Amino acid sequence: MYIFVVTDAEIFKVETRTGQSVGFDFGLKNFLTSSDGKIISSPLFFNKNSKLIARACKNLSHKQKDSNNRQKAKISLARIYKKSSNQRKDFHFKLARKLCLEYEKIFIEDLNLKAMQKLWGKKISNLAFGEFVKILKYQAEKFGVEVSEVDRFFASSQICNQCGEKNPEVKDLKIREWICPKCGTKHDRDINAAKNILKFGLRHRPMQEIE
Ligand SMILES: [Zn+2]
């Protein structure tokens, strides 16, 4: 007896429409901010699901060992996990596809995810930037889009994208808008960072890729 498995794994390339390059900044409140000023907020269900999971965990911890109720609580928690993970994946896939149709070259920060998890704990893992980057790269390959990560040690938030002045005061995460002390340009924190990621990415691409 033979079993034939047919998979739909053909890699297709489509021409991107704009040929534009873009830089993206990742954030907590705004999932992505682009160098051309677009903001993609974190979906509300991210937050809602993490509350549901916390509640289900608490519920499970109150049940007696080896009881039927404990078994029920376990199943309920697993269901919420699964649903939450599916919703997140769906959001990531749709967003990655949209970006790949819109841009030809995408620059993102090379986030040291482990270090960030240590710093911000649960929030970051919920937002699952790492998971999104993986999906984005996968989609990019299908669409013939280039995704590059720029050096994570480059201070994208503190540098004025107009004149290159570094303003260490912007280190403070509470500062959402600032005026460059050198050239007077008014900046939105995240858009300025995204613009720097784009600039830095374009400047530091390997020589053979520069047309
Ligand atoms: Zn400036």
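Counting starts at 1 for both ligands and their atoms, in listed order. Positions are given from 1, in the same order as the sequence printed here. On a predicted model such as this, the values are computed, not experimentally measured, just so you know. The basis for the numbers below is simple: all heavy atoms, side chains too, and nothing from hydrogens, waters or symmetry mates.
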Geometric class of the F31/H92 ring pair [parallel <30°, tilted 30-60°, perpendicular >60°]: parallel
Connected hydrophobic set around Y81, excluding itself, where side chains approach under 4.5 Å: L52, I53, L60, L77, I80
Whether F129 and F26 hold their rings parallel, tilted or perpendicular, with breakpoints at 30° and 60°: tilted
All salt bridge (charged side-chain N to carboxylate O under 4.0 Å, His left out) counterparts of D90, not counting sequence neighbours: K94
Pairs meeting criterion salt bridge (charged side-chain N to carboxylate O under 4.0 Å, His left out) with involvement of residues 30-58, two or more places apart: D36-K38, K38-E102
Nearest atoms (heavy-atom pairs only) where A96 meets I135: CB-CG2, 4.0 Å
Neighbouring protein N, O or S atoms of the Zn ion (ligand 1), below 2.8 Å: 4
